[in-house]
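The structure appears below as structure tokens.
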Amino acid sequence: MSYHKPVLLSESVDSLEIRCDGVYVDMTYGGGGHSREILNRLGSKGRLIAFDQDLDSQSNIIEDERLIFFRQNNIYLMQTLDFLKIKKVDGILADLGVSSHQLDKKNRGFSFQPGYKLDMRMNQKQNLDAIGVINNYTETELSNLFFLNGDLKNSKKIAKEICIERTNKKITKTNHLNSVLEKFFNHNTRNSFLARVYQSIRIEVNKELEFLKEILTQSKKILSKNGIMSVITYHSAEDRLVKRYFKNGCFDEEPIKDEFGNSLNPFKLKFQFLKPSESELKFNVRSRSAKLRSALKL
Ligand SMILES: C[S@@+](CC[C@H](N)C(=O)[O-])C[C@H]1O[C@@H](n2cnc3c(N)ncnc32)[C@H](O)[C@@H]1O
């Protein structure tokens with residue numbers, strides 16, 4: 001089984017307009033599909049710095065002296081570049097979310113298939129896992145994360161049901177959680193409903209939105225003039241953040257402005273967004289929710 005089929009591969013790497021001697025960052029290495037394509041377009045003097053916090057991603061490291069891989073969280077971007085004595089980079093790619101490997105390897109506990117321990121940690125060394133979130137978060141915290149991370153309208157009722165059940169028995173397995181949630185779905189809505197609940201928990205376990213904000217903020221600082229940042233998002237919560245950051249240069253509704261009211265947003269959108277083509281959707285159904293956004297640093 002392949003580790004991961006890269007999504008929007010040529011569109012995302014095209015959007016970076018790779019300069020053959022440039023310095024690039026792959027924030028989310030995974031199976032290395034995007035990195036391989038970036039390396040294909042780099043010349044002998046080009047460099048690629050890549051991050052992935054998942055221990056398993058190390059088995060995919062491409063032997064290439066232009067690639068420097070860090071098995072760590074990408075929030076250490078600036079610190080790492082400092083260590084490498086790199087002041088600015090020409091392009092940054094972030095392909096957010098989980099890899100197919102993480103979803104398919106059942107003992108990683110990302111999938112809602114019955115019979116598995118709830119885990120969902122991308123970084124196997126971190127303490128917080130899905131069991132911790134489901135059993136220790138307050139009802140309000142759970143309700144908020146279902147609403148904000150999964151756009152689930154009945155978030156309060158879902159949280160309440162979980163809190164009632166966990167006083168009887170700790171929820172540690174996928175089939176236990178699924179049975180608690182049974183009253184909220186029918187045969188037709190089951191998979192999409194469970195996918196949203198699991199996605200909400202996964203986002204919290206891995207602090208995905210907090211880290212995304214951090215990497216966008218750091219990227220703005222270390223992109224060179226005319227440097228390009230491209231991000232592939234997979235759900236509305238992360239897409240909203242990227243869209244707003246590229247449009248306004250901050251996470252507020254309005255752009256940052258100087259005292260005369262001129263926008264200080266350092267980004268120029270390269271295009272609105274791109275979605276996978278029909279042929280990609282046929283070949284890789286998991287690409288269906290992907291959106292590519294790209295911006296040039298002025
Ligand atoms: C969608 S996959 C990337 C797939 C990759 N583009 C490819 O072509 O194979 C996302 C990867 O990013 C990693 N990841 C997500 N958030 C991360 C973070 N904050 N720091 C480091 N790695 C992260 C995950 O472990 C996962 O392997």
Side-chain angles (χ1 to χ4, degrees), residues 1-16 24-41 48-62 64 67-81 91-105 108-111 119-126 128-129 149 199 202-219 229-235 237-239 241-242 276 280 283-294:
M1 196 188 288
S2 89
Y3 192 95
H4 185 81
K5 282 187 199 140
V7 170
L8 287 160
L9 178 62
S10 51
E11 293 89 338
S12 58
V13 181
D14 285 352
S15 72
L16 293 175
Y24 291 85
V25 183
D26 182 350
M27 298 290 245
T28 50
Y29 185 84
H34 287 94
S35 276
R36 189 177 292 280
E37 186 57 27
I38 293 172
L39 289 168
N40 284 343
R41 301 186 191 195
L48 175 63
I49 294 110
F51 294 88
D52 203 301
Q53 57 183 336
D54 189 329
L55 289 169
D56 295 353
S57 64
Q58 288 187 129
S59 59
N60 305 314
I61 297 176
I62 302 164
D64 188 313
L67 169 70
I68 313 174
F69 175 86
F70 291 90
R71 201 221 45 86
Q72 63 186 23
N73 197 301
N74 53 31
I75 53 159
Y76 298 111
L77 172 66
M78 285 184 67
Q79 202 174 308
T80 307
L81 293 176
I92 299 174
L93 178 69
D95 177 20
L96 304 174
V98 274
S99 64
S100 293
H101 169 81
Q102 288 164 333
L103 282 173
D104 295 338
K105 218 172 162 207
R108 299 294 301 272
F110 281 95
S111 144
D119 187 327
M120 306 195 195
R121 290 169 305 160
M122 290 186 193
N123 173 2
Q124 297 92 329
K125 291 187 175 170
Q126 91 177 27
L128 181 66
D129 63 5
N149 299 351
Q199 171 188 288
R202 186 204 89 208
I203 293 173
E204 177 59 29
V205 169
N206 297 290
K207 306 280 179 231
E208 291 175 38
L209 299 178
E210 287 92 325
F211 290 154
L212 174 58
K213 280 183 156 182
E214 182 58 36
I215 63 169
L216 287 166
T217 307
Q218 291 189 23
S219 297
M229 177 158 196
S230 297
V231 185
I232 305 173
T233 67
Y234 293 88
H235 56 81
E238 62 190 12
D239 191 56
L241 285 179
V242 179
E280 176 165 7
F283 159 79
N284 182 7
V285 67
R286 282 188 177 154
S287 68
R288 65 185 177 274
S289 49
K291 269 187 190 169
L292 169 68
R293 296 190 183 270
S294 183

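Start at 1 and go down the list; that is how both ligands and their atoms are numbered.
Using a 4.0 Å cut-off to heavy atoms of Leu96, the atoms of ligand 1 that qualify are 1 (C). For ligand 1, the atoms closer than 4.0 angstrom to any heavy atom of Gly33 are 7 (C), 8 (O), 9 (O). Less than 4.0 angstrom separates some heavy atom of Gln72 from each of these atoms of ligand 1: 21 (C). Remark: ligand 1 atoms within the under-4.0 Å shell around heavy atoms of Pro6 are 8 (O). Close approach of ligand 1 to Gly32 is summarised as follows: ligand atoms under 4.0 Å from at least one heavy atom of the residue are 7 (C), 9 (O). For ligand 1, the atoms sitting less than 4.0 Å from at least one non-hydrogen atom of Gly30 are 9 (O), 27 (O), numbered in the order shown with element in parentheses. Atoms of ligand 1 lying under 4.0 Å from any heavy atom of Met122, numbered from 1 in the order shown and given with element: 14 (N), 15 (C), 16 (N), 24 (C), 25 (O).
The protein heavy atom nearest to atom 21 (C) of ligand 1 is Gln53 N, 3.3 Å. In this structure, atom 5 (C) of ligand 1 lies nearest to the protein heavy atom Tyr29 O, 3.3 Å. For atom 10 (C) of ligand 1, the nearest protein heavy atom (residue, atom name, distance) is Gly97 O, 3.1 Å.
At a 4.0 Å heavy-atom cut-off, ligand 1 touches His34 through backbone and side chain alike.
For the pair Gln102 and ligand 1, the shortest N or O to N or O distance falls below 3.5 Å. Any N or O atom pair closer than 3.5 Å counts here, and Phe51 shares no such pair with ligand 1. Between Asn73 and ligand 1, at least one pair of N/O atoms sits closer than 3.5 Å. Here's the thing with Phe211: none of its N/O atoms is less than 3.5 angstrom from an N/O atom of ligand 1. When only interatomic distances are considered, the shortest N/O to N/O separation between Asn74 and ligand 1 falls below 3.5 Å. Note: an N/O pair closer than 3.5 Å links Asp52 and ligand 1 by distance alone. Considering backbone and side-chain atoms together, Asp54 places no N or O closer than 3.5 Å to any N or O of ligand 1.
With contacts defined as side-chain heavy-atom distances shorter than 4.5 Å, the pair Leu67/Tyr29 qualifies.
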TODO: Report the C-alpha separation of Lys105 and Asp54 in whole Å, then their side-chain angles, then the decisive distance to 0.1 Å, and conclude whether the salt bridge (Lys or Arg N to Asp or Glu O under 4.0 Å) test is met.
DONE: CA-CA 13 Å; Lys105 218 172 162 207; Asp54 189 329; over 6 Å; no
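If you check the side chains of Asp104 and Tyr3, you find no donor sitting under 3.5 Å from an acceptor.
Summarising the geometry of Arg71 relative to Gln53, their closest heavy-atom pair is NH1-O, 2.6 Å, with the distance given to 0.1 Å.
The closest non-hydrogen atom to atom 9 (O) of ligand 1, taken over Ser12, Ala290, Gly31, comes from Gly31. Counting only non-hydrogen atoms, the option in Val98, Thr28, Leu77 that gets closest to atom 1 (C) of ligand 1 is Val98.
Listed by chain and number, the residues in a side-chain contact (heavy atoms from CB on, under 4.5 Å) with Thr233 are Leu96, Val231, Glu238, Asp239, Val242, Lys291 (sequence neighbours excluded). In terms of the ring pair (Phe, Tyr, Trp, His ring centres under 6.0 Å) criterion, Phe110 has no residue partners (sequence neighbours excluded).
Under a cut-off of 6.0 angstrom, the local environment of CZ in Arg36 is sparse, with at most 12 non-hydrogen atoms contributed by other residues, nucleotides or ligands.
At least one donor-acceptor pair closer than 3.5 Å links the side chain of Asn206 to the backbone N or O of Met122.
Checked for salt-bridge contact, Arg41 and Asp14 meet the test: a charged N lies under 4.0 Å from a carboxylate O.
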